[in-house]
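Remarks on the structure that follows.
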Amino acid sequence: MTVTSRPTAVTHDVTNQAPPLTGHDAADDAVLLEGVRREGAAWHLDDLHAFGKVVGSAEAREWADQANRFEPELRTHDRYGNRIDEVDFHPAYHSLMTATVGAGAAGSAWADERPGAHVARAATFMVATMMEQGHMCPVSMTYAVIPALRRSPELAKVYEPLLTSTVYDPGLRTPTTKRGLLAGMGMTEKQGGTDVRANTTTAAEQPDGSWRLRGHKWFTSAPMNDLFLVLAQAPGGLSCFLVPRVLPDGSRNTFRIQRLKDKLGNRSNASSEPEFDDTVAWLVGDEGKGVRTIIDMVTMTRLDCVLGSAGHIREALAQAAHHTRHRSVFGAKLIDQPLMRNVLADLSLESEAATTLGLRLAGAADRGEREFLRLATAVSKYWVCKRQPAIVAEALECLGGNGYDEASGMPRLYREAPLNGIWEGSGNVNALDMLRALAREPQSLEAFRTEIEAASGADRRLDAAWRELKEQLVLTEDAPLRARRVIERAALVLQGSLLVRHAPAAVADAFCASRLAGDQGLAFGTLPPDTDFAALLERLPA
C-alpha cells in the first residue's frame, strides 16, 4: 500500500506577531535619562544602564512570571507543632530582590553623600518596577524607614548600617550575623483602617526601657522582613515602635502571622495579619507622637508610589509601542495607523509627565526641599497613581486579544495598577492631606507657587490654568467636597510647568492644549489634529 505524504499545514506558520520584548536596556529611555541628568545624578547613568539590561533580559521576565505564579506560602507551625510563622518564597522572588537591592533601590542612598544620590536611587527604583512590582514593597519600606528611625539615634546606630546595605540577605537572624536588613510597617487595624488613632494595639513600658505590645494589625506587607515600625497606644498616646523579628539574644520575637491576604494583584509579595502578644519593641521618637514619627516614613513611601506608578506606566507603554511596531494591519504597521498614533502619542504624554514629575520630587528629596515636598507629594501621589490603571488598560488594548492573554504579561500589569492609588493613603486621603497642608503649612503653598511660576509667561494656557487654580486653592466651607477637583488641577498645572520648562516644545504644547486648555476628549487617543504626533512618538521607549 502506497502512502502519499501531505504537505505541512500552513495554518501554524507564525507571522505578523511581535517577538518578546527582551534583550534590551529598559533604562534606555530619553525622558528618564534627561531627568536624571537634570536632577543632578548624571554620574549614575552607567550603573543605571547596566541595571536596565538586567531588567530587560529574558531571565528577569521569567523571574517576574514565576514569582507571581508560585505565590508565597505561610507556614505557621513546624512538623512538631512549634510556632514558626515563616513565609516561603519561590527562588524567582529572591532573584528579583537580589537584583534590585544590589542595584541600590533600597536604603543605600542614605549612606551615599554624593549630590543626586536619591535621584539615582529613584531612577533605579522606576526601572526595577518595570521588571516586577510586587517585590518593590519591601524595597520601598526599607528606603523609607530611615528618616523615622533617625528620631531615635541609638536605634539608628544599630540598624541603619545594614538597612543601607546593597546585599539582599534573607532569613531571620540577629543583625550581627547578617549583611543586609529589610524593614516594614504596621499601621492599620481592623478597628480603624486609615483612622490610625482608633488603633487598639497597646504598649506597656518595661523596667529595662523596652516595651511590650499586644494587638492585631490588619495589613502588614512583607512579614519576613527583619524589623517593622508599628503604631500602638502607650500611656502617653499613640506612639511609634520598632519591632524586630529576631531579638538581640537570637530568640524569635512574638510575631504571629495569622494569615496572608488573598489580593487582586501584587501576588509575589506576602501581605499579612500579624498578632502581637507580649511582643518586644522599642520606642521610636517621642511617646504620644507616633503619627508624627511614622509620617516621616509614609512621606517617602508616598514618593515611591509616584515613582512606582511612573515606572509601571512606562513599562505598559513600552509593551504597547513594541507590539505596534511589529504588528501590521490593513497593509501598514499598527504604529503608523493614524488613530493608533494618536493613542500612543497621548499615552506618551502621560508617561513623560509622570516620569518628569517623579524625578522632580526625588530631586527635591535629595536637596531637602521640605516645603515643596509637603504639598507636591500629596498632589503627585493622588494624580499619577490615579492615572496608572487607565493608562495600563489603554496600553493593554493596544495589544488587542494578545494583551488579554496572561502570556503577554499585560494582565499582571493590569492587576497591579490600582495598588499605588490605595497604598499609603487612597485618593481621598491625599486630597484631604492637601487641604491640611494648605491650612497648616502655608509655606508649602508658597514653595508650590514658586515652582509653577518658574514657567510664567512661557505658555498662555499654563498661565491661565494657574490663575484659575489659585482661586480654587482658597479654603472655603465646601473645600472637602471640591478637594478631588482641586488636587487634580494642581497636579496637571504642576506637570504642565515642568514640561514647559524641560520637555521638547511639541510635548509641552500638546500637554497644555489637551490637559490644561481642555482640547481633548475623555478617552486616550483624542489629541487635537494639529498635534505634532511625530515629535511625541519619538519619545516612545525604543
Side-chain angles (χ1 to χ4, degrees), residues 22 26 47 50-76 78 84-108 121 124-145 159 162-175 177-185 220-228 244-246 252 255 257 260-261 263 265-272 274 304 308 311-312 315 409 412 415-416 419:
T22 58
D47 288 341
F51 183 55
K53 292 175 182 177
V54 173
V55 172
S57 68
E59 185 178 28
R61 185 177 178 88
E62 185 68 13
W63 293 339
D65 177 66
Q66 290 181 342
N68 283 272
R69 284 194 295 117
F70 302 101
E71 298 176 17
E73 295 183 356
L74 172 62
R75 293 190 296 124
T76 55
D78 67 12
I84 56 174
D85 297 292
E86 293 190 355
V87 179
D88 293 333
F89 294 87
H90 189 272
Y93 175 87
H94 296 300
S95 296
L96 291 167
M97 290 294 294
T98 298
T100 297
V101 174
S108 62
R121 181 261 171 191
T124 302
F125 188 92
M126 281 195 278
V127 173
T129 300
M130 297 174 70
M131 179 165 58
E132 199 276 332
Q133 187 167 334
H135 80 292
M136 301 306 294
C137 177
V139 171
S140 176
M141 292 190 294
T142 301
Y143 170 71
V145 74
Y159 290 102
L162 289 172
L163 290 167
T164 58
S165 170
T166 56
V167 177
Y168 172 60
D169 188 8
L172 297 179
R173 305 189 303 278
T174 59
T177 66
K178 298 197 71 172
R179 296 175 296 161
L181 298 176
L182 296 175
M185 177 198 307
T220 298
S221 285
M224 291 307 290
N225 283 3
D226 300 283
L227 59 101
F228 296 82
R245 288 295 313 269
V246 178
R252 296 284 185 93
F255 194 96
I257 304 174
L260 298 185
K261 298 290 191 177
K263 298 171 291 183
N266 210 245
R267 309 292 290 193
S268 67
N269 175 41
S271 299
S272 68
D304 277 356
H312 200 89
E315 172 63 12
R412 174 166 54 82
R415 288 190 295 270
E416 294 283 3
L419 176 60

To the nearest 0.5 Å, what is the distance between [atom1] on [X] and [atom2] on [Y]?
X    : Y    : atom1 : atom2 : value
M136 : N266 : CE    : CG    : 11.5 Å
R179 : D169 : CZ    : CG    : 5.0 Å
L260 : S221 : CG    : OG    : 10.0 Å
S95  : E59  : OG    : CD    : 7.0 Å
F255 : L172 : CZ    : CG    : 9.5 Å
K261 : N269 : NZ    : CG    : 13.0 Å

Contact summary for [X] and [Y], nearest pair of heavy atoms:
X    : Y    : value
A128 : V55  : CA-CG2, 4.5 Å
L163 : A183 : CD2-CB, 4.0 Å
G134 : S268 : CA-OG, 3.4 Å
A222 : F228 : O-CZ, 3.3 Å
S272 : I257 : CB-CG2, 3.7 Å
G52  : V127 : CA-CG1, 4.1 Å

Just by distance, do the side chain of S165 and the backbone of L162 share a donor-acceptor pair under 3.5 Å?
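No, the answer is negative, given that no donor and acceptor are paired below the 3.5 Å cut-off.
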Would you please indicate yes or no on a ring centroid separation below 6.0 angstrom for Y143 and F125?
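F125 vs Y143: aromatic centres not under 6.0 Å.
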Side chains of [X] and [Y] in contact at under 4.5 Å (non-hydrogen atoms):
X    : Y    : value
F89  : P170 : no
Q66  : R69  : yes
D304 : R121 : yes
D85  : R245 : yes

Are more than 12 heavy atoms, taken from residues, nucleotides or ligands other than R252, located less than 6.0 Å from that residue's CZ atom?
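Check passes, neighbour count above 12.
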Over 12 foreign heavy atoms within 6.0 Å of NZ, K178:
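It does: K178 NZ has more than 12 such atoms within range.
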Between H135 and Y93, is the side chain to side chain donor-acceptor pair (under 3.5 Å) condition met? List the steps.
CA-CA 7 Å; H135 80 292; Y93 175 87; over 6 Å; no
Between E315 and H312, does a side-chain contact (heavy atoms from CB on, under 4.5 Å) hold up when you go through it step by step?
CA-CA 5 Å; E315 172 63 12; H312 200 89; 5.7 Å; no
Among R267, E132, R415, Q133, exactly one meets side chain to side chain donor-acceptor pair (under 3.5 Å) together with N68. Which residue is that?
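Between N68 and the candidates, side chain to side chain donor-acceptor pair (under 3.5 Å) is satisfied uniquely by E132.
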